[in-house]
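Down below is the structure, laid out as structure tokens.
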Amino acid sequence: MRVVVSSLLGFSLICSTAWAVEPATAPTPAVAPAAQATTATPSAQTQKPQTLAANKPGTVPAANLDVNGLPLETKPLTAEQLAKNKAVQDAKVKALVKDQATRLQQLEKANLDALSQNQELQLKNDSLGVQVQVLQSERSAQMFLYGAATIAVGVLLGFLIASYVYTKRRRQW
């Protein structure tokens with residue numbers, strides 16, 4: 001029973017996710033590639049709302065279908081319309097190029113700032129590394145001196161104690 005319920009649940013999840021995403025529609029072969037290249041796509045602001053049937057994937061509005069259910073070819077554009085479309089496309093390309101140029105300048109400036117900051121941090125790191133080495137060598141020298149002083153005090157105390165014991169034994173005889 002568990003297997004049946006889990007498989008039905010999995011199948012329903014798979015089916016629901018498959019229908020949740022609209023598949024991309026490929027251009028139909030009835031429209032010639034040359035006609036596709038000459039038609040201009042309207043911008044998102046100038047598009048008119050379409051019917052619900054036109055928004056479903058794989059459907060074509062009934063107004064653009066011929067008797068066989070294939071889409072009708074669009075009328076070829078005039079020279080003026082082609083010139084306007086080309087001018088619009090050129091303006092878009094120029095705007096994109098200008099936008100990319102400004103972004104490039106901003107990135108170059110940010111890159112130079114980052115490089116200079118990187119050099120400053122490397123110099124700081126190098127100077128701090130030198131300071132660490134100096135402090136370590138000073139600390140080892142200080143420990144050496146402490147050890148030498150400790151040995152000297154130990155030897156001095158050893159001689160004093162030995163001489164005190166030696167003189168005390170001589171007096172007892």
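Starting from 1, each residue takes its place in the sequence as its number.
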| Roughly how far, to the nearest 0.5 Å, is CG of Leu104 from NZ of Lys109? | 14.0 Å

| note | Going by chain and number, the hydrophobic cluster around Leu145 (ILVMFWY, side chain to side chain under 4.5 Å) further includes none

| How long is the span from the CD atom in Gln100 to the CG atom in Leu107, to the nearest 0.5 Å? | 9.5 Å

| task | Measure the shortest side-chain to side-chain distance between Leu82 and Thr78 over non-hydrogen atoms and say whether it is less than 4.5 angstrom. | result | no

| query | Which distance, rounded to the nearest 0.5 Å, do you find between the CD of Glu120 and the CG of Leu115? | reply | 11.5 Å

| After noting the C-alpha distance and the side-chain angles of Asn118 and Gln122, does the key distance pass the side-chain contact (heavy atoms from CB on, under 4.5 Å) rule? | CA-CA 6 Å; Asn118 187 18; Gln122 283 179 348; 3.8 Å; yes

| query | For Asp90, which residues count as a salt bridge (charged side-chain N to carboxylate O under 4.0 Å, His left out) partner, sequence neighbours excluded? | reply | none

| request: Say whether Phe159 and Ile151 are linked into one hydrophobic cluster, either directly or through other cluster members, by side-chain heavy-atom distances under 4.5 angstrom. | output: yes

| Verdict with reasoning, Leu135 to Glu138, per side-chain contact (heavy atoms from CB on, under 4.5 Å) | CA-CA 5 Å; Leu135 290 174; Glu138 285 179 1; 3.9 Å; yes

| field | Side-chain hydrophobic cluster, 4.5 Å single linkage: members besides Met143 | value | Tyr146

| request: Decide if atom CD of Gln142 counts as having more than 12 heavy atoms of other residues, nucleotides or ligands within a radius under 6.0 Å. | output: yes

